[in-house]
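Below is one structure, written out as structure tokens; the observations come after it.
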Amino acid sequence: DQQVKQNSPSLSVQEGRISILNCDYTNSMFDYFLWYKKYPAEGPTFLISISSIKDKNEDGRFTVFLNKSAKHLSLHIVPSQPGDSAVYFCAASEGNNDMRFGAGTRLTVKP
Amino acid sequence: DAGVIQSPRHEVTEMGQEVTLRCKPISGHDYLFWYRQTMMRGLELLIYFNNNVPIDDSGMPEDRFSAKMPNASFSTLKIQPSEPRDSAVYFCASSNGLVYEQYFGPGTRLTVT
């Protein structure tokens, strides 16, 4: 049962443009959401997070938006850089219980 | 700190053999997680421990899989007997108090032929 879904397995954008990665979830009890970034041959690393009491969190070029009514969150990267090319995982947790991950979206930023 | 350490980094074995994956969490962390990454299902939680005690093992695929955490600095994930469909990258992660602030190891790539 996939409670966190990333329906786009891949995304390709031009350097300097905006990258938008999407994530949907089914569990309305999730109250904390995160994005992790993964390079080949490495483990995922934390990128940015958002609490369910907020609808936006920004950190430099990265912004996460949360739409609780639609059970949807997105990660915006502006401007995109070639070094952003990686697999991005969306994750969610309920309280301090385990975290559930999506299947990942492979982002390719072309120079 | 060295971060989460996993060994081996790569494992190739034949179907039916026993496989043991190892993990050393970050010192002081009280949560330890085992994940499996496949192309089809992405990153799946297999089991997690809090203070060396298994909390949720509902993600463990079947009885062939077992995990232990004998002390705060070491955990194993064992597959016996292994099957080709177990081929995946297995990640260990640890956190300190907060489940969602997890630090991942580099993973073990398992290939079962």
Side-chain angles (χ1 to χ4, degrees), chain A residues 1-10 21-27 29-54 57 59 64 66 73 86-107, chain B residues 2-10 21 23-26 29-51 53-61 67 88-110:
Chain A
D1 177 27
Q2 290 248 267
Q3 298 185 50
V4 178
K5 298 178 183 178
Q6 294 176 255
N7 294 318
S8 297
S10 63
L21 296 95
N22 293 303
C23 178
D24 297 293
Y25 61 95
T26 57
N27 186 348
M29 300 301 291
F30 285 145
D31 55 7
Y32 203 76
F33 305 88
L34 307 92
W35 286 92
Y36 275 75
K37 180 178 180 179
K38 183 186 177 306
Y39 290 118
E42 296 182 10
T45 55
F46 169 76
L47 182 61
I48 191 170
S49 64
I50 188 168
S51 164
S52 60
I53 62 173
K54 295 185 175 182
N57 188 27
D59 183 2
V64 56
L66 175 63
L73 68 157
V87 176
Y88 289 79
F89 289 98
C90 170
S93 70
E94 175 188 345
N96 203 35
N97 295 316
D98 60 273
M99 197 157 61
R100 299 290 169 171
F101 284 82
T105 296
R106 181 177 300 279
L107 173 66
Chain B
V4 176
I5 299 172
Q6 290 187 247
S7 64
R9 292 295 310 274
H10 301 274
L21 311 181
C23 175
K24 177 179 169 54
I26 292 173
H29 281 191
D30 56 351
Y31 282 89
L32 184 139
F33 307 82
W34 282 101
Y35 292 89
R36 176 172 68 176
Q37 183 190 9
T38 62
M39 290 293 291
M40 294 298 295
R41 297 181 64 84
L43 206 54
E44 299 176 90
L45 176 66
L46 300 177
I47 184 171
Y48 77 98
F49 297 82
N50 179 219
N51 292 320
V53 176
I55 302 300
D56 185 353
D57 65 354
S58 59
M60 296 285 262
V89 181
Y90 291 81
F91 289 102
C92 175
S94 70
S95 69
N96 181 16
L98 294 175
V99 165
Y100 43 77
E101 290 187 358
Q102 297 181 21
Y103 294 82
F104 282 77
T108 296
R109 181 174 293 279
L110 173 64

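What you are looking at is a predicted structure, and each value in this text was computed from that prediction instead of being measured.
Contacts between B:Gln37 and chain A at a heavy-atom distance below 4.5 Å involve the side chain alone, from C-beta outward. Looking at B:Arg109, there are no atoms closer than 4.5 Å to chain A (heavy atoms on both sides), in backbone or side chain.
Within a 6.0 Å radius of OH in B:Tyr103, other residues, nucleotides and ligands contribute 12 heavy atoms or fewer. Annotation: A:Lys37, atom NZ; neighbour count of heavy atoms from other residues, nucleotides and ligands within 6.0 Å is above 12.
For the set A:Pro44, A:Gly43, A:Ala103, A:Gly104, the entry with the most heavy-atom pairs within less than 4.5 Å of chain B is A:Pro44.
Nearest heavy-atom pair across B:Glu101 and A:Tyr36 is C-OH, 4.3 Å. Residue A:Lys38 comes nearest to B:Phe91 through the heavy atom pair CE-CZ, 3.3 Å, listed as atom of the first residue, atom of the second, then distance. Between A:Phe89 and B:Leu43, the shortest heavy-atom contact is CE2-CB, 4.1 Å.
Legend: residues meeting ring-ring contact (aromatic ring centres under 6.0 Å, His included) with B:Tyr90, ordered by chain and number and at least two apart, are absent. Applying the salt bridge (Lys or Arg N to Asp or Glu O under 4.0 Å) test to A:Arg100 and every residue at least two apart in sequence or in another chain returns A:Asp98, B:Asp56.
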Assess whether side chain to side chain contact (heavy atoms under 4.5 Å, CB included) is satisfied between A:Phe101 and B:Tyr35, documenting all intermediate values.
-> CA-CA 10 Å; A:Phe101 284 82; B:Tyr35 292 89; 3.4 Å; yes
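Side-chain atoms of B:Arg9 come within 3.5 Å of backbone atoms of A:Ala41 as a donor-acceptor pair (strictly under, hydrogens ignored).
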